[in-house]
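Below: one structure, written as structure tokens.
Bear in mind that the values here come from a model prediction, so they are computed numbers and not experimental data. Numbers here simply count residues along the sequence, with the first being 1.
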Amino acid sequence: MPIRLDSADADFERLFQDLLDGKRESSQDVNDIVAGIIADVRARGDDAVVELTNKFDRNHFTAADLRISEAEIDKAAARVTSEVRAALQTAHDRIKAHHEKQKPEDHIYTDPLGVTLGTRWTPVDAVGIYVPGGLATYPSSVLMNAVPARVAGVERIAMVVPTPDGQIAAPLLLAAKISGVTEIYRVGGAQAVAALAYGTATIAPVDKVVGPGNAFVASAKRQVFGKVGIDMIAGPSEVLVIADGSANPAWVAADLIAQAEHGAGARSILVTTEKGLADAVAAEVERQINVLPNPANAREGWDDCSAIITVNSLNEAALLANRIASEHVELALNDPQALLPAIRHAGAIFLGHHTPEAIGDYVGGSNHVLPTAGTARFASGLGVLDFMKRTSILGCDPTTLAALSEAAVTLAEVEGLDGHGRSVSIRLNH
């Protein structure tokens, strides 16, 4: 059963802090294993990738089999039903339209002294997208990672995906085709991240690696950071629902279950001003879980890491929400806009009774790759800017250089960097 807390209780602060501090991921130390895999891929390239892929995914590949051909992609795409194809296209078009509004513009100007200053935005050359393919298939993850990269102007988008027993879902390949992925490889796990970062004879290196994965993938991304950029180290999924008496208990319960069904480590939290609603939602969750076709994952997420918290006011709910800094925050209120300014730390916010988080997962248009485990305090969800670089522009002529030189030379002398100062002053003599 989930934890039940009431902010009016004397020991609430201690129990709430225990909830925040609770470990939600496997305690298995994978870093050493991953370090060995990365070193092996760096040393042996394709041979290591093939060996590890065949071992973990029960395949019999050679290096020539790693890349999925255009003919295979087209054949798989042709098997996708018209209904699924239309849904993927709708999702793609909405994600693209939203992310196009994020694309920044260059800005170059001349300041009052006459110095040219500015900012220029350019895309990275190549991006690697990791797409999970083990326990489930996520074509939506392909769209959410590839579309912003394409909008940013990235020319090369390399996708890696595990194919257990040689199997890969056709909708996933169609999503890659629709969103502009340029190459796809049947590789998963830490070896896929290592290949993207350092390159092999078959897989050319990229500049940035994005996308979710298990603990081994997360550790690999952490260890290759610096050689390549990464988006974030994402943990188990989570939702926080803030609800008052206007909320429908069955709807709230369904949204909590939608996150809990991610299984181990997934967290669903309800914060409500109404004890009656808390009780009703708890009962609804039990009822709805029991009628799911596959209730085990939802049961694990709900029982192990979730909570129902009763508070005295919506303002108090917002304060707790900011301390939790959840990946997803739903405002199950008649007037969500009134509370919106108070929610400062969240990966994404969903407004009102008719905006379930699952709409954001698929077709809302906003990105579903979001910060987890409290990192929304300082991090943002994936967007176009994650695939672009900001370059500063600076230009002086003889007059503006002379105007700035005295202060520059003085600061160079203060720092004991005489060569810096001389590189300025030498130009004043000509």
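- Residues meeting the side chain to side chain donor-acceptor pair (under 3.5 Å) test with Asp9, sequence neighbours left out: none.
- Across Val147 and Ser179, no two heavy atoms sit closer than the pair CG2-CB, 3.8 Å.
- Side chain of Asp40 to main chain of Gly36: no donor-acceptor pair is present (N/O by atom type, distance under 3.5 Å, no hydrogens or angles).
- Taking both residues in full, the closest heavy atoms of Val241 and Ala332 are given as CG1-CB, 4.0 Å, listed atom of the first, atom of the second, then distance.
- With Glu100 as the fixed residue, the side-chain hydrogen bond (donor to acceptor under 3.5 Å, both in side chains) test singles out one of His98, Gln102, Lys96: Lys96.
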Side-chain atoms of residues 346-366: list all donor-acceptor pairs with protein atoms under 3.5 Å, sequence neighbours left out, distances to 0.1 Å.
unit_1	atom_1	unit_2	atom_2	d
His353	NE2	Ser246	OG	3.1
His353	NE2	Asn334	OD1	3.2
Thr355	OG1	Leu351	O	2.5
Glu357	OE1	Gln259	NE2	2.5
Glu357	OE2	His328	NE2	3.1

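- Between the side chain of Glu238 and the main chain of Ala373, a donor-acceptor pair closer than 3.5 Å is present.
- The side-chain hydrogen bond (donor to acceptor under 3.5 Å, both in side chains) test with Ser219 is passed by exactly one of Arg222, Lys221, Gln223: Gln223.
- Of all heavy-atom pairs between Leu174 and Leu88, the closest is CD2-CD1, 3.9 Å.
- Pairs of residues two or more places apart, or lying in two chains, that qualify as salt bridge (Lys or Arg N to Asp or Glu O under 4.0 Å) and include a residue from residues 177-193 are Glu72-Arg186, Asp74-Lys177, Arg156-Glu183.
- The side chain to side chain donor-acceptor pair (under 3.5 Å) test applied to Asp46 returns Thr200, Thr202, not counting sequence neighbours.
- Under the rule for a side chain to side chain donor-acceptor pair (under 3.5 Å), the partners of Ser7 that lie at least two apart in sequence or sit in another chain are Glu316.
- A pairwise comparison of heavy atoms in Ala266 and Cys305 identifies O-CB, 3.4 Å as the closest pair.
- Under the side chain to side chain donor-acceptor pair (under 3.5 Å) criterion, the residue pairs touching residues 76-92 are Gln89-Asp93, with sequence neighbours excluded.
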Donor-acceptor pairs under 3.5 angstrom involving side-chain atoms of residues 160-171: please list them, not counting sequence neighbours.
unit_1	atom_1	unit_2	atom_2	d
Asp165	OD1	Arg58	NE	2.9
Asp165	OD2	Arg58	NE	3.4
Asp165	OD2	Arg58	NH2	3.1

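- Qualifying ring-ring contact (aromatic ring centres under 6.0 Å, His included) partners for Phe16, counting only residues two or more places apart in sequence or in other chains: Phe12.
- The list of salt bridge (Lys or Arg N to Asp or Glu O under 4.0 Å) pairs with a residue in residues 363-392, not counting sequence neighbours, is empty.
- Side-chain contact between Leu5 and Ile3: present, with at least one pair of heavy atoms (C-beta onward) separated by less than 4.5 Å.
- Listed by chain and residue number, Arg299 satisfy the side chain to side chain donor-acceptor pair (under 3.5 Å) test with Asp303 (two or more places apart in sequence, or in another chain).
- Residues passing the ring-ring contact (aromatic ring centres under 6.0 Å, His included) test with His420, sequence neighbours excluded: none.
- The salt bridge (Lys or Arg N to Asp or Glu O under 4.0 Å) analysis of residues 200-214, with sequence neighbours excluded, yields no pairs.
- With contacts defined as side-chain heavy-atom distances shorter than 4.5 Å, the pair His368/Ser141 qualifies.
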